[in-house]
Undergrad: 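The following block contains the structure, expressed as structure tokens.
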Amino acid sequence: MMSDVFLDAFLDTLKILPFLLVMNFVIELLEYTSKGLKADRILKGGGAPLIGTLAGVVPQCGFSVVATELYGKRRIALGTLLAVYIATSDEALPIMLSSLDGLTKILPLLIIKICFAFAVGYSTFGIEKAVAAVKRKKAAANADASHVETDKAAPVNADDEHSHEHGDGVEQNRKRHGEHRIHVHGCHRHDLCGEEYSTPQNPTKKQKAARVWNVYFKHPLLHTATVFLYIFVVNVVFGIIVYYVGEDRLAAFIHSTGYFQPLLAAVVGLIPNCAASVVITELYVVGGLSLGGAVAGLCVSAGIGYAVLIKQNRPVRDTVMIIALMFVLSTLLGIGVNGVMSLL
């Protein structure tokens, strides 16, 4: 029934809500708090791709959404995002664990996914570090060059220098008197009126309370509600498509592709909905999909993470590059796995 599509979409979106809400509060805290939190060292440190890989293995697509949110604000590196996406299992693990046939097939698939996520995550992480180092060297070289050009400039005329020093003395004298008048006026106003007034350096209690509410509560809640609604709409749209196409037809289409299974399974895996991982996993469990096809489809499948990436991440070319990279790498891995299996 069509009502089931809306109910399933709502329940799938509801599963992500706790992850999304908590992470948005944490993100706002990181952006406005500079002391007491060392989370940036963890999120961007050398252990981040490993943490992302382990988080992605948990059968819950909420981690891919959280990773996407963090990447959109550049709180994590690209390597960590790719590690989470590749390791994300979504509905695959629960389906496999629910059947006896799935239990015997889950181990090789899981090992391949974890190793691939680890390898891609750290390779990309290393490339990012190398590129950043090159950029820093270029920036330092440009700064040195501009400094040399400044040193070669013509010397200042003695009369101009004397005039400049005289002007500085007048300006300093004027500032001293001006500052004195402001100070006296400020004390006079404060003593006579006794009113509470604020400056950017000295906000009132009401201003502090309003800032805390806006920064730490209002913004995260509004952002969570917006993303929640967006994910729900995407789930409904793709739920309707799968409802009319039918999971059986989708499975039959993948099964009939033969040697092209990894390619077509990867295309299905790109669908930002849990239905993609369900179809691929069920087909693999019953023997209708090769190990390479299952690897390609489930490695590229990041659940609703792609939908959030398209909405949140900028520039657009960066988003396109990430999705294309996931598709190409997963497809090549699937083809490679099938090639190895044919030799055994």
Side-chain angles (χ1 to χ4, degrees), residues 19-20 22-90 93 107-141 143 295 298-303 305-306 308-309 312-315 317-330 332-333 336:
F19 295 88
L20 201 58
V22 170
M23 188 50 61
N24 277 323
F25 279 120
V26 172
I27 290 172
E28 293 295 338
L29 196 64
L30 287 173
E31 288 194 353
Y32 291 96
T33 305
S34 58
K35 295 180 180 180
L37 286 173
K38 305 298 182 184
D40 269 4
R41 293 183 182 179
I42 299 174
L43 294 175
K44 292 185 177 181
L50 175 60
I51 295 172
T53 299
L54 297 177
V57 174
V58 178
Q60 168 59 254
C61 65
F63 286 106
S64 67
V65 174
V66 168
T68 305
E69 287 278 331
L70 289 170
Y71 179 76
K73 293 180 177 291
R74 298 304 183 261
R75 290 294 176 182
I76 62 173
L78 175 59
T80 305
L81 178 70
L82 294 180
V84 174
Y85 278 4
I86 293 170
T88 294
S89 58
D90 204 2
L93 285 182
L107 191 58
L109 181 61
L110 197 59
I111 291 174
I112 292 172
K113 277 173 63 69
I114 291 174
C115 292
F116 190 57
F118 186 83
V120 171
Y122 273 103
S123 297
T124 308
F125 189 80
I127 293 171
E128 287 180 291
K129 290 289 185 183
V131 171
V134 170
K135 288 182 178 179
R136 284 195 298 269
K137 287 182 179 179
K138 286 185 177 179
V295 165
L298 293 179
C299 280
V300 77
S301 179
Y306 290 130
V308 179
L309 184 72
Q312 303 284 76
N313 189 52
R314 293 297 179 273
R317 65 176 179 274
D318 184 59
T319 301
V320 174
M321 182 270 294
I322 292 171
I323 297 175
L325 190 61
M326 285 288 297
F327 177 77
V328 171
L329 291 176
S330 299
L332 291 176
L333 177 65

Undergrad: Can you tell me how far the CG atom of N313 sits from the NZ atom of K73, to the nearest 0.5 Å?
TA: 12.0 Å
Undergrad: Here's a test for you: under side-chain contact (heavy atoms from CB on, under 4.5 Å), which of I86, L81, V120 qualifies with M326?
TA: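 Answer after filtering I86, L81, V120: I86.
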Undergrad: Any donor-acceptor pair under 3.5 Å linking the side-chain atoms of T68 with those of Y85?
TA: yes
Undergrad: What's the spacing between F116 CZ and L82 CG if we round to 0.5 Å?
TA: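 Reported to 0.5 Å precision, the distance equals 9.5 Å.
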Undergrad: Which heavy atom of G45 sits nearest a heavy atom of P49, and at what distance?
TA: O-CD, 4.0 Å
Undergrad: Of all residues at least two apart in sequence or in a different chain, which pass the side chain to side chain contact (heavy atoms under 4.5 Å, CB included) check with L50?
TA: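 Result, side chain to side chain contact (heavy atoms under 4.5 Å, CB included) vs L50: L54, F118, Y122.
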Undergrad: What pair of heavy atoms forms the shortest contact from A302 to S64, and how long is it?
TA: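 In terms of heavy atoms, the two residues are closest at O-OG, 2.9 Å.
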Undergrad: Can you name the closest pair of heavy atoms from T80 and A48 and give their distance?
TA: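 So the minimum-distance heavy-atom pair works out to OG1-CB, 3.4 Å.
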Undergrad: Rounded to the nearest 0.5 Å, what separation is found between the CG atom of L298 and the OG1 atom of T88?
TA: 11.0 Å
Undergrad: Looking only at heavy atoms, which two atoms of G121 and A83 are closest? And how far apart?
TA: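 For G121 and A83, the tightest heavy-atom pair comes out as CA-CB, 4.2 Å.
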Undergrad: Count the heavy atoms belonging to other residues, nucleotides or ligands that lie under 6.0 Å from CZ of R314, then report whether that count exceeds 12.
TA: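 Enclosed: over 12 neighbouring heavy atoms sit under 6.0 Å from CZ of R314.
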Undergrad: To the nearest 0.5 Å, what is the distance between CG on L333 and CD1 on I112?
TA: 6.5 Å
Undergrad: What is the distance from atom CD1 of I51 to atom CD1 of I76, rounded to the nearest 0.5 Å?
TA: 11.0 Å
Undergrad: Are Y71 and V84 side-chain neighbours, meaning at least one heavy-atom pair lies under 4.5 Å?
TA: no
Undergrad: Would you mind writing out the side-chain donor-acceptor pairs for residues 127-136 within the sub-3.5 Å range, not counting sequence neighbours?
TA:
{"unit_1": "E128", "atom_1": "OE1", "unit_2": "L78", "atom_2": "N", "d": "3.3"}
{"unit_1": "E128", "atom_1": "OE1", "unit_2": "G79", "atom_2": "N", "d": "3.2"}
{"unit_1": "E128", "atom_1": "OE2", "unit_2": "L78", "atom_2": "N", "d": "3.0"}

Undergrad: Can you tell me if K113 uses its side chain to pair, donor with acceptor, with the backbone of V57 under 3.5 Å?
TA: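 Pair absent, no side-chain N/O of K113 close to backbone of V57.
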Undergrad: In Å and rounded to the nearest 0.5 Å, what is the CD to CG distance from E69 to L309?
TA: 10.5 Å
Undergrad: Looking only at heavy atoms, what is the nearest atom pair of G305 and V65, with distance?
TA: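 Minimum heavy-atom contact is N-CG2, 4.3 Å.
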